[in-house]
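Contents: one structure, followed by commentary.
Given the structure is predicted, the values throughout are model-derived calculations rather than measurements. Lettering follows sequence order; numbering is per chain, from 1.
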Number of protein chains: 2
Amino acid sequence: MPNSPEKSTKERILDSAVRLFSQKGYAACGMRDIVRDAGVSIAMVNYHFGSKKALLQEIIRRFSADTFQLADHHFEGAEALEIKLRRFIRDMIKLFRKNPDSLRIMVTELPMDVPEVIDFKADRVGKLVQLARDKLFSSFPDEVRERIHLEILGPALIGMLTFHFIVHPVFERAFGIRCDDDFYDGYADELADLFLYGILSKTNSHHATQENPKDD
Amino acid sequence: MPNSPEKSTKERILDSAVRLFSQKGYAACGMRDIVRDAGVSIAMVNYHFGSKKALLQEIIRRFSADTFQLADHHFEGAEALEIKLRRFIRDMIKLFRKNPDSLRIMVTELPMDVPEVIDFKADRVGKLVQLARDKLFSSFPDEVRERIHLEILGPALIGMLTFHFIVHPVFERAFGIRCDDDFYDGYADELADLFLYGILSKTNSHHATQENPKDD
DNA sequence: TTGACAATCAAACAAACGTTTGATAGATAT
DNA sequence: ATATCTATCAAACGTTTGTTTGATTGTCAA
């Protein structure tokens, strides 16, 4: 299915690239696949973006900006931790649903040979966790905050949220579920419950369940 | 750094392919990269595996077998849910640490044009969740099991466990952590706490935190 | 000793790759 | 009117791709 014809050439290339990079992977997707889908000449990619790799970086750059801006926005404000975190998780899933292709590209197509991309992402993730520490957990007493390892729980949360979209084809096949609005409402609630209880457990007691066994 | 010379040609190719597929991605990694690293001729790949794609499928097949066999094994037995689940999480992380390259390949290189691979994975995931339902939660009363949505919590757990290894370079850069034995011990404990509390919350009360708000 | 078989290699293959070039049309400014 | 600039295209460029071929070596059986 070709692209809508009223958009500009540059936007048509971007749309096609996002879909095809996600579908076949960046390296496996030839520029001729993209321009055929976009209905433009192959020279247009280098004209508008400079190179195929720069096109990929532009896609990642745009989606990163959306994602981290959303996170920044939801951590501000005076509401309780529960309220902020539930809203954050719900809107994050909403954003991922709207751009599942961009999400998969951002996660799976780590351009290992472009160190500045890794630096960029690491910088944003670090700032995000710092923001969570300052804005989300600032009211907790120090000895509780010491027990909450955000550098573990943060990536775990992101992993929970994103993994479903990464392996979506396997997931739908395995459970015979079609993922509609209702499903994702339940999905967001379930993950929020899981995460909030996990955090709050640290605020009340030391031991996780009955005994926290360390058997071998 | 080339491969160890005492192994067979077939094994040398497999070892090199796992590392390089993970590093550069399947499509971006040329067969000449692999055979140069393995110290063999390029014809050996097609001789021993048939094609480049068959080599990828062999890698995924081997690692899938290890992973799901581990899961099957840990869900059996008469111990309590907490004990089984903690041991499962710990050994899963141990396996992922030993084969981070295979894990990344299995998750990120979904051969979309090979439907049987997706079918294979979907089948295994479905059976795994069914096994968890039968062996892990069989002692719970029915009205509690209805509230535990394993088709959501299961993939969420796998996402938590694997995501760290997928984005490992970003992760290490962001937090300035070197991930040693101690780190992963804490990592496993933290995730087990998080997950067990999230589940046990469903067994006690209906509402997640204070109010389970549904604001907009 | 001869024949068959398995493992290996260097070289060659056509196809596909990302990029560049030169030309063309349309708009805008001088 | 003419020159400049922008957006576009078809065609060609040199590489690199995965695969195949034909020859060579070593091993084991007849």
Under 4.0 Å from OP1 or OP2 of dT6(D): is there any side-chain N or O of His48(A) that close?
no
To the nearest angstrom, how far is Phe49(B) atom CZ from dA7(C) atom P?
12 Å
Whole angstrom value for the distance that separates C1' of dT6(D) from CG of Asn46(A):
17 Å
With a 4.0 Å cut-off on N to O distance, would you call Lys127(B) and Asp134(B) a salt bridge?
no
Within this structure, what is the OH-to-P distance between Tyr47(B) and dA6(C), rounded to whole angstrom?
7 Å
side-chain contact (heavy atoms from CB on, under 4.5 Å) partner of Ile152(B), chosen from Asp189(A), Leu194(A), Ile177(A), Leu191(A):
Leu191(A)
note: Arg36(B), atom CZ; dT16(D), atom C1'; distance rounded to Å ~ 12 Å
Asp193(B)/Arg86(B) salt bridge by N-O under 4.0 Å criterion
yes
Can Lys10(A) be said to sit on top of Phe49(A)'s aromatic six-ring, NZ or CZ under 6.0 Å from centre and within 45° of the ring axis?
yes
Starting from the C-alpha separation in whole Å, work towards a yes-or-no answer on salt bridge (charged side-chain N to carboxylate O under 4.0 Å, His left out) for Lys84(B) and Glu76(B).
CA-CA 8 Å; Lys84(B) 286 201 224 174; Glu76(B) 300 284 348; over 6 Å; no
Expected rows: protein N/O vs nucleotides 9-15 of chain D N/O, under 3.5 Å:
{"residue": "dC9(D)", "atom": "OP2", "partner": "Ser41(A)", "partner atom": "N", "Å": "2.7"}

Could you state the atom-to-atom distance from CE of Met31(B) to C1' of dA15(C) in whole Å?
15 Å
For the rings on Phe21(B) and Tyr26(B), is their centre-to-centre separation under 6.0 Å?
yes
